Protein chains: 2
Amino acid sequence: MIENDIFKALADPTRYVIFEKLAAGSMNASALREGMTISQPAMSQHLAVLRNAGLVREQRQGRFVNYEVDPDGLALIAHWLTKYRAYWPSRVDALKTLLKDMDQ
Amino acid sequence: MIENDIFKALADPTRYVIFEKLAAGSMNASALREGMTISQPAMSQHLAVLRNAGLVREQRQGRFVNYEVDPDGLALIAHWLTKYRAYWPSRVDALKTLLKDMDQ
DNA sequence: GCAAGACATAAGCATAGACTTATGTGATGC
DNA sequence: GCATCACATAAGTCTATGCTTATGTCTTGC
């Protein structure tokens, strides 16, 4: 279950912040730590989780590792969402009416 | 951070299954337990988490409580996704469909 | 009223996972 | 070669949370 890894990765507040930072622009691990009170190993571990979930990908540049948002992860969420189009708001009213009619 | 509750709620495999079951059709808590080896309190607790996250809503019917997918929760995820449009690969068909449906 | 059913809440336990410090690995520069 | 930097991995600790049993609350049917 791939989606589960994605949700688990984004469920942690610290990782969520890291992901948002990367979404604003790709960065290496040290740069990501700036402004956050987090140890270097913790950052490394969080990035590994995000990477394994497919939300982030790395790119070695000498002794730096540049991290960036991986579109594939976002695509998976989007694809997952399409499974529930029946429940999307634009159709909610029609659905509500339908359900109400069916109940009686 | 509302999204965090949503991701946290879906990160648990058991809750994910419950959500999928409800997406296939609204049910009461007892019906949800069928086919799952899970205690009644555990189910009740999971449903509370899903409800607090806005993913599921309840509807009292006598001594039964009918649970159903709350479109608001899915709408929040969809809205969250739009923040990352810049990263969406144009080639992904699922995304195209999603965008088209959401923009109208 | 009272028993039984459907669900929620309480309290305690046990594991997952987020953190730490310490150490390892690979690249760069002198 | 060797010191240093950027990052990964290891190992241990502590807290969050998912589970259990026990009990409470509300509703229905007799």
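Numbered from 1 within each chain, the chains take letters A, B, ... in sequence-line order. Please read all numbers here as calculations on a predicted model, not as lab measurements.
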Original post:
Do the side chain of A:Arg33 and the main chain of A:Met43 share a donor and acceptor less than 3.5 angstrom apart?
Top reply: no
**OP:** Would you kindly check whether a donor in the side chain of A:Gln40 faces an acceptor in the base of D:dA8, or vice versa, at under 3.5 angstrom?
**Re:** yes
Original post:
Can you check whether A:Tyr67 has a side-chain N or O nearer than 4.0 Å to OP1 or OP2 of D:dA8?
Top reply: yes
Original post:
Given side chains that start at C-beta, do those of B:Glu34 and B:Met27 come closer than 4.5 Å, heavy atoms only?
Top reply: no
Subject >> Sequence-distant partners of B:Gln40, side-chain hydrogen bond (donor to acceptor under 3.5 Å, both in side chains), two or more places apart >> reply: none
Original post:
How close or far is atom P of C:dG26 from atom CZ of A:Arg60, stated in whole angstroms?
Top reply: 9 Å
Subject >> Interface residues of residues 3-38 of chain A with DNA chain D (non-hydrogen, below 4.0 angstrom) >> reply: A:Asn28, A:Ala29, A:Ser30
Original post:
Is there a side-chain contact between A:Val69 and A:Leu22, using heavy atoms and a 4.5 Å cut-off?
Top reply: yes
Subject >> Sorted by number, the residues of residues 41-59 of chain A with heavy-atom contact under 4.0 Å to DNA chain C >> reply: A:Pro41, A:Ala42, A:Gln45, A:His46
**OP:** Whole angstrom is fine here: how far is it from CG in A:Asn66 over to C1' in D:dA6?
**Re:** 13 Å
Subject >> Whole angstrom value for the distance that separates C1' of D:dG29 from CZ of B:Arg63 >> reply: 7 Å
Could you tabulate the donor-acceptor pairs under 3.5 Å formed by side-chain atoms of residues 7-17 of chain A, not counting sequence neighbours?
residue	atom	partner	partner atom	Å
A:Asp12	OD2	A:Thr14	N	3.2
A:Asp12	OD2	A:Arg15	N	3.1
A:Arg15	NE	A:Ala9	O	2.8
A:Arg15	NH1	A:His46	ND1	3.2
A:Arg15	NH2	A:Lys8	O	3.3
A:Tyr16	OH	B:Trp80	NE1	2.7

**OP:** Flag the pair A:Pro41 / A:Gln45 as yes when at least one side-chain heavy-atom distance between them is below 4.5 Å, and no otherwise.
**Re:** yes
**OP:** Would you please name every residue forming a side-chain hydrogen bond (donor to acceptor under 3.5 Å, both in side chains) with B:Glu58, sequence neighbours left out?
**Re:** B:Arg51, B:Tyr67
**OP:** If a pair satisfies ring-ring contact (aromatic ring centres under 6.0 Å, His included) and one of its residues is in residues 18-45 of chain B, list it, with sequence neighbours excluded.
**Re:** A:Tyr84-B:Phe19
